[in-house]
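Right, one structure below, let's go through it.
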Number of protein chains: 2
Amino acid sequence: MKEIQEARIKRYFIDACKEIIRGEGVNSVSVRTIAERAGYSFATLYNYFKDIKELFIICVDEFLLESEEFIISRNIKSTGKQAILDKSIAFTMFFLQYPSIFKLVFTEDIRELRSQTTFKDKLDGIFSNLLSSDWNELVIENKKIKEELIKNTIYSSLLLYLNRFSPKEYKTFIDSITQQIKYILSFDDI
Amino acid sequence: MKEIQEARIKRYFIDACKEIIRGEGVNSVSVRTIAERAGYSFATLYNYFKDIKELFIICVDEFLLESEEFIISRNIKSTGKQAILDKSIAFTMFFLQYPSIFKLVFTEDIRELRSQTTFKDKLDGIFSNLLSSDWNELVIENKKIKEELIKNTIYSSLLLYLNRFSPKEYKTFIDSITQQIKYILSFDDI
DNA sequence: TTACAAAAATTAACAACGTTAATAATATTA
DNA sequence: TAATATTATTAACGTTGTTAATTTTTGTAA
């Protein structure tokens with residue numbers, strides 16, 4: 001009973017934080033803005049979270065889950081290589097929609113080593129879940145390293161596009177990712 | 001004469017900033033710590049830079065040049081594919097040596113669109129300069145997209161390793177990059 | 001219901017941040 | 001030497017994350 005109430009209040013803070021990031025952006029997020037939206041004083045946050053980074057880590061986890069749900073909700077009908085490409089682009093789109101989510105998830109300084117160690121596992125899990133059936137359809141080699149190359153292409157392209165404004169044009173950005181993924185998938189064709 | 005003196009004082013601030021980033025790390029950098037090391041009051045910085053981001057952008061540019069010099073200084077003797085691999089690893093090593101430099105160059109929030117637009121051009125220029133002769137030795141196709149894949153592999157791997165502590169082991173990290181670059185270079189072999 | 005103890009939430013306060021305005025110190029020129 | 005322009009400094013503001021002290025609320029026993 002005590003735990004339920006505590007979880008409920010934690011939820012208010014988590015949702016407030018996520019809302020601000022989605023709306024005003026990660027630069028508008030602060031202990032005070034979060035608490036205000038949650039309906040509490042800023043100091044109350046510290047009764048439920050060790051510090052603001054602990055809250056951020058929870059948001060990172062939930063945003064990652066949302067990215068997976070986002071791709072599933074797109075109901076992609078294609079199969080094989082085309083499905084891998086489509087889902088990769090969908091994943092990219094999720095972060096394009098909310099650049100601040102990318103910033104929080106990938107670049108924000110949240111060094112909570114306990115949770116951090118599994119970050120990449122979670123990321124890998126998303127791709128693994130989404131793409132495993134598509135990979136199985138294909139008769140190609142080195143699927144694992146191909147998936148790694150695709151992921152790195154996406155992360156790096158998002159980093160440069162959202163953080164360093166390169167390329168300037170959206171179309172150039174998408175075309176570049178598409179071309180690279182297609183190229184990766186074209187290797188070792190049997 | 002006026003310009004020389006002004007450039008000289010700007011240099012004090014730039015060098016102070018770079019020193020702190022190399023030494024104590026980017027988290028220790030502030031208007032006050034920079035000015036203190038430069039031998040001036042914190043407000044003096046604003047007589048020479050619009051804001052701290054303008055100073056950061058200059059440091060980003062200089063660190064990028066340093067990364068190129070670092071690779072050249074390694075005096076890599078290999079040729080062809082091996083040279084491309086060796087230089088790629090050397091580039092990675094530069095940022096491993098100073099994680100804060102990676103943070104500043106790739107993830108820090110320095111939205112000065114004027115200068116930002118050419119950031120990727122500078123990055124591309126480094127690789128282009130260093131690798132062009134090595135590429136010329138090779139009789140393979142799609143050199144441009146291969147170089148892009150290699151760069152994205154490096155940036156993304158550094159991002160996850162330095163920012164999200166994945167993988168945990170240094171050796172795993174280097175092996176993964178090496179394997180991916182070798183794989184990219186193995187395509188289209190003639 | 002009343003009195004007390006435990007829990008939760010709030011206000012006050014601190015040090016550090018980037019930045020600007022007002023002031024002091026220094027150079028330059030007449 | 002006196003007046004002016006330039007450069008540097010201190011004071012101050014609003015914001016940040018965080019902690020301590022304090023108030024408010026909740027739960028329990030008489």
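Note on naming: letters A, B, ... go to the chains in the order of the sequence lines (proteins, then strands), and numbering restarts at 1 for each one.
Out of D/dT10, C/dG18, C/dT10, the shortest distance to the side chain of B/S41 is found at D/dT10. Distance from the side chain of A/Y46 is smallest for D/dT19 among the nucleotides C/dC17, D/dT19, D/dT10. Among the nucleotides C/dA9, C/dA21, D/dT18, the one closest to any side-chain atom of B/A43 is C/dA21. Which of D/dA8, C/dA13, C/dC17 sits closest to the side chain of B/S30 comes down to C/dC17. Side-chain proximity of B/N47 to the nucleotides C/dT20, D/dT18, D/dT7 is greatest for D/dT7.
Rounded to whole Å, atom P of D/dT18 lies 20 Å from atom OH of A/Y40. At whole-Å resolution of the value, CZ in A/F13 and C1' in C/dA9 are 10 Å apart. Atom CD1 in A/I9 sits about 12 Å away from atom C1' in D/dT25, given to the nearest Å. Taking atom OH of residue A/Y12 and atom C1' of nucleotide C/dA8, one finds them 15 Å apart after rounding to whole Å. Regarding B/I4, its CD1 atom lies at a distance of 14 Å from the P atom of D/dT7, rounded to whole Å. C/dG18 atom P lies 11 Å from atom CD of B/E108, rounded to whole Å. What separates CD of B/E6 from C1' of D/dT6 is a distance of 12 Å, to the nearest Å. The CD1 atom of B/I34 sits 16 Å away from the P atom of C/dA16 (whole-angstrom rounding).
Atom CD of B/E62 has more than 12 heavy atoms from other residues, nucleotides or ligands within 6.0 Å.
The side chain of A/T44 contributes an N or O atom lying less than 4.0 Å from OP1 or OP2 of C/dT10.
Separation of the B/F106 and B/F95 ring centroids falls under the 6.0 Å cut-off. For A/F91 and A/F127, the distance between ring centers is under 6.0 angstrom.
Taking 4.0 Å as the cut-off between side-chain N and carboxylate O, A/D86 and A/R74 do not count as a salt-bridged pair. Salt-bridge check for A/K151 with A/E148: passed, with a basic side-chain N closer than 4.0 Å to an acidic carboxylate O.
B/L45 comes within 4.0 angstrom of no nucleic acid atom, judged by non-hydrogen atoms across all strands. Within the nucleic acid shown, A/F42 comes within 4.0 Å of at least one base atom, counting heavy atoms only.
Where A/Y48 and A/R32 meet DNA chain C, the nucleotide closest to each residue was compared, and A/Y48 sits on the side nearer the 5' end.
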